[in-house]
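Scope of the values below: all heavy atoms of this structure, side chains included, with no hydrogens, waters or symmetry mates. By convention in this document, chain letters (A, B, ...) are assigned in the order of the sequence lines, proteins followed by strands, and residues within each chain are numbered from 1. Note that this is a predicted model, so its numbers are computed, not measured.
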2 protein chains.
Amino acid sequence: MTATAAELLETPAVPEKELPVRDRAQTQGRIFQAGRALLAEGGFQAFGVNAVARKAGCDKQLIYRYFGGLDGLLDAIGEDLAGWVTQHVPEDQGGRFLLTYGDLMERLVELYADALRADPLMRRILVWELSESSPHIARMADARAKGIAQWIERMRGSLTPPKGADTVALNAVVIAAVQQLVLAAETSGSFVGLPLKSQKDWARAVAAVARMARAAYA
Amino acid sequence: MTATAAELLETPAVPEKELPVRDRAQTQGRIFQAGRALLAEGGFQAFGVNAVARKAGCDKQLIYRYFGGLDGLLDAIGEDLAGWVTQHVPEDQGGRFLLTYGDLMERLVELYADALRADPLMRRILVWELSESSPHIARMADARAKGIAQWIERMRGSLTPPKGADTVALNAVVIAAVQQLVLAAETSGSFVGLPLKSQKDWARAVAAVARMARAAYA
DNA sequence: CGGCCTAATCACCATCGGGTGACTTTGCCG
DNA sequence: CGGCAAAGTCACCCGATGGTGATTAGGCCG
């Protein structure tokens, strides 16, 4: 694969109906984007050689030539998503001072929920991770875990968690809750009775998670 | 559908290699069990007419005849799972007195986590719910939500949550966290750095969730 | 025995999936 | 111009899938 995922990303979406351009880089980019789009729209069920080729508007053979098959394409996409946390979850404090570890956790919840809600592709990947285990997936999950850890580390600044708190476990729980809520929202619009549609619903949900996190770190 | 899901359940697993028995009820049961097993083992990806027939040791035609196709079979399975919460999550207090709402939440977390960890089929269904939305799925999710609400109601007894606490949201968050952790454990064995393999790992995770829940309800 | 209902199977279809080898087009360079 | 490598396409294979109509096999009852 002669191009990095970053370079592939520069392809400005899938051009409408451009006739064969005989430009390897661009075709590669179209395939890449088609793969991402399919994954984001229909999940891994919709991710197949034929489907990608159809969407990219080229012959499936090129997928094998340029990416070494579906797995290669998936790797390229995964590579790009490796830095997802640092790229999509901002580190600003939203103009607030984070005085306590609880403040930090609240902000973490807000930012992570927003980032996830804004990214269909990442959501699909997360669901995928729950459906099966494969090397690709394991790598992605690993990279994300590290990203989250680093992100917390940077946001934390000089704040320190209360002694005796199992930060690893507590952080995992908080992230888990947010993730499950966001994923469930997409397909069912609610979770065990808690509606998750409007912006207000989300404010309520996020407040609940934040309250718990804050209380646990008090 | 001449048999209820409950009756179908009585079929004692899939008989090894019994030759055609010419017993409609039993064959129906075998198909039913095969469907459940496939779903539990391989998730919805493994759930197909041919696969079920193969596993049940009969012709796929019978699936159409007895259940009206895959959808019908799925309905039968779903019907049986409707009462899952009340059937699989016990209501005992484990010999403890639940003195506070926090105690209740802790017990809730323990019991729900255990029940889910012990039931592959239910886990698969939960993942499925995150993957796509369909009438079947929506119905199942609904039934589960109600079951959980009732279960909490019964466990609660005369305990009352602190004023001002958004119990619906908080409960949803707690359940969400547990669910995500259990689902993630199966495929990756950990979640954002928190290991989820040994019994000890689980004790730690459950303690973290319980700590948060308890703190939020204090 | 013969008939009949029904459980169960068989044979077949169209379709789609991943995957591959041979082919055609295009642009470039001497 | 001729030729050559690269970009792209075509035609095909194979296996598996969902789905259906016709057919067989077995038990029961008069």
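For D/dA7, neither phosphate oxygen OP1 nor OP2 lies less than 4.0 angstrom from any side-chain nitrogen or oxygen of A/T27. Of the side-chain N and O atoms in A/R54, one or more sit less than 4.0 angstrom from OP1 or OP2 of C/dG17.
D/dA6 atom P lies 20 Å from atom CD of A/Q26, rounded to whole Å. Distance CG (B/N50) to P (C/dT9): 14 Å, rounded to an integer number of Å. Per the geometry, CD belonging to A/Q45 stands 17 Å off P belonging to C/dC16, to the nearest Å. Rounded to a whole Å, the CD atom of A/Q28 is 14 Å from the C1' atom of D/dG8. Summarising the geometry, the separation between NZ on A/K60 and P on D/dC12 is reported as 14 Å, rounded to the nearest angstrom. Here the P atom of nucleotide D/dA7 and the CZ atom of A/R30 are 15 Å apart, to the nearest Å. Straight-line distance from the CD1 atom of B/I63 to the C1' atom of D/dT20: 14 Å, rounded to whole Å. Atom CZ of A/F67 is separated from atom P of D/dG8 by 12 Å (rounded to the nearest Å).
With A/E41 as the partner, the salt bridge (charged side-chain N to carboxylate O under 4.0 Å, His left out) test is satisfied by one option alone out of A/R36, A/R123, A/K55: A/K55.
Residue A/R65 places no side-chain atom within donor-acceptor reach of the base of C/dT20, judged by atom type and a 3.5 Å distance cut-off alone. Looking at B/R22, its side chain has no donor and acceptor atom pair within 3.5 Å of the base of D/dT24.
With C/dC10, C/dT20, D/dG18 as the choices, the nucleotide that has an atom nearest any side-chain atom of A/Q61 turns out to be C/dT20. The A/D59 side chain lies nearest to D/dC10 when the options are D/dG18, C/dG19, D/dC10. For A/C58, the listed nucleotide lying nearest its side chain is D/dT9; candidates were C/dT20, C/dG17, D/dT9.
Mapping B/L62 and A/Y64 onto DNA chain C by nearest heavy atom places B/L62 closer to the 5' end of the strand.
Between the side chains of B/W202 and B/D114, no donor-acceptor pair is found at a separation under 3.5 Å. Between the side chains of B/H136 and B/D71, not a single donor N or O lies within less than 3.5 Å of an accepting N or O. A donor and an acceptor atom, one from each side chain of A/Y217 and A/N171, are located under 3.5 Å apart.
Side-chain N or O atoms of A/S190 include none that pairs as donor or acceptor with a backbone N or O of A/G193 at under 3.5 Å.
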